[in-house]
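Please read the structure below before turning to the comments.
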There are 2 protein chains.
Amino acid sequence: MDFNKVIELLKNSGYKLTNQRKIIIEALYHSDKPISMEEWLLLTKDKNPGINLSTIYRNIDVLEDLGLLEKIRPKDGSIKYTLNLMEHHSHFLICKRCGKAEAIECCLSKEFKKIIEDKEFDLIEHNLELYGYCKECHTELDKK
Amino acid sequence: MDFNKVIELLKNSGYKLTNQRKIIIEALYHSDKPISMEEWLLLTKDKNPGINLSTIYRNIDVLEDLGLLEKIRPKDGSIKYTLNLMEHHSHFLICKRCGKAEAIECCLSKEFKKIIEDKEFDLIEHNLELYGYCKECHTELDKK
DNA sequence: ATGCGTGCAAAACCTTTGCACGTCA
DNA sequence: TGACGTGCAAAGGTTTTGCACGCAT
């Protein structure tokens with residue numbers, strides 16, 4: 001989904017397009033990886049220093065309402081945000097060193113689905129986060 | 001791992017067995033599902049009303065040090081705690097209605113592993129949460 | 001024009017920490 | 001006895017909220 005489509009969806013859902021809102025969403029849209037609130041704030045203040053933290057929090061609600069926000073919750077307790085613009089359900093390979101996140105297609109194994117089915121569990125959604133070291137960081141770490 | 005083994009591990013690691021600590025761990029041990037801090041506090045106060053919230057938080061550190069604590073982070077932003085006593089890495093089927101959580105064996109699919117391998121990503125850990133309705137709740141919901 | 005959105009500050013929450021006292025080994 | 005553990009209260013950090021003003025529609 002391109003940025004204009006996001007804005008369109010926003011307007012069609014009855015939300016106003018303010019300068020702040022545009023900057024806030026744009027910051028997330030153009031980030032190539034999930035970002036923390038702190039990073040998000042910096043990115044937005046970069047474009048408009050007057051933007052308040054609470055405005056971002058309020059726009060989180062908007063993005064959630066639009067079904068566009070993905071919250072990533074690493075084991076370390078932090079929260080990272082990213083836009084979920086894919087058709088396909090996807091997950092991230094998250095590098096523990098550089099923070100780079102790469103979306104991958106989801107494929108729960110057949111055996112897995114069978115186990116769940118056997119329990120007559122009605123699976124609605126799932127959340128998978130994969131942590132490790134990306135190729136580049138792995139190479140770097142090997143050097144030491 | 002039975003409860004005595006947990007206590008043994010605790011002592012062998014140089015921690016003292018206090019009345020509070022025992023109650024705190026026991027509460028989590030006997031709970032059949034991951035519990036919130038609030039539930040954990042209630043369960044412990046049930047046995048000893050004097051136990052302080054900060055003592056539980058401090059014992060979280062202890063349990064983490066022992067590698068026994070599993071923190072579950074549902075999408076709703078809450079945090080739930082459970083003891084991780086299995087040999088095998090496991091995940092939970094969590095019922096969105098009754099909250100019951102059932103551990104299942106983990107098995108990332110071969111295709112999945114291959115995709116990750118192809119990217120030369122060095123996978124360290126992963127976190128999978130499965131949400132849906134358990135058999136009982138599904139039946140209940142169908143009645144309506 | 002009018003109601004939604006924002007900045008600001010305060011409040012609400014959750015978690016951590018310092019300190020003095022208590023208790024386990 | 002001595003070090004670790006705890007209760008209490010205060011501090012810290014993050015997120016939410018009330019209010020008055022501002023701006024998009």
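Chain identifiers are assigned alphabetically (A, B, ...) following the order of the sequence lines, protein sequences preceding nucleic acid strands; residue numbering begins at 1 within each chain.
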[X] has an atom [atom1]; how far is it from atom [atom2] of [N], in whole Å?
X       : N      : atom1 : atom2 : value
A:Ile25 : C:dG5  : CD1   : P     : 11 Å
A:Trp40 : D:dT14 : CH2   : P     : 16 Å
A:Arg73 : C:dC14 : CZ    : P     : 14 Å
A:Ile23 : C:dG5  : CD1   : C1'   : 14 Å
B:Ile56 : D:dG5  : CD1   : P     : 16 Å
B:Arg21 : D:dC4  : CZ    : P     : 11 Å
B:Ile51 : D:dG5  : CD1   : P     : 15 Å
A:Lys47 : C:dT6  : NZ    : C1'   : 19 Å

- With sequence neighbours left out, write down each residue that passes side chain to side chain contact (heavy atoms under 4.5 Å, CB included) with B:Asp2, or none if nothing qualifies.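 Side chain to side chain contact (heavy atoms under 4.5 Å, CB included) check on B:Asp2 returns B:Asn4, B:Lys5, B:Tyr29.
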Going 5' to 3' through nucleotides 16-25 of chain D and flagging B where a protein heavy-atom sits under 4.0 Å of the base, S where only the sugar-phosphate is that close, and - otherwise, we get BBB-----BS
Can you tell me if A:Trp40 uses its side chain to pair, donor with acceptor, with the backbone of A:Ala27 under 3.5 Å?
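Not at all, since once roles are kept as given, no pair shorter than 3.5 Å links the two residues.
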Heavy atoms only, 4.0 Å cut-off, all strands: where does A:Gly50 land among base, sugar-phosphate and nothing?
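Sugar-phosphate contact only.
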Can you establish whether the number of heavy atoms outside B:Lys71 located under 6.0 Å from its atom NZ is more than 12?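 Atom NZ in B:Lys71 is crowded, with more than 12 foreign heavy atoms closer than 6.0 Å.
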_Rounded at 0.5 Å granularity, tell me how far CD in B:Glu64 sits from CG in B:Asn59._
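Those atoms lie 11.5 Å apart.
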Open item on the list: Does A:Leu83 form a side chain to side chain contact (heavy atoms under 4.5 Å, CB included) with A:Glu70? I'd like the steps, not just the answer.
Closed with: CA-CA 6 Å; A:Leu83 284 177; A:Glu70 175 108 13; over 6 Å; no
(message) Testing B:Ile51, B:Ile25, B:Leu53 one by one against B:Thr44 for a side-chain contact (heavy atoms from CB on, under 4.5 Å), which residue passes?
(response)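 In the set B:Ile51, B:Ile25, B:Leu53, the residue that makes a side-chain contact (heavy atoms from CB on, under 4.5 Å) with B:Thr44 is B:Ile51.
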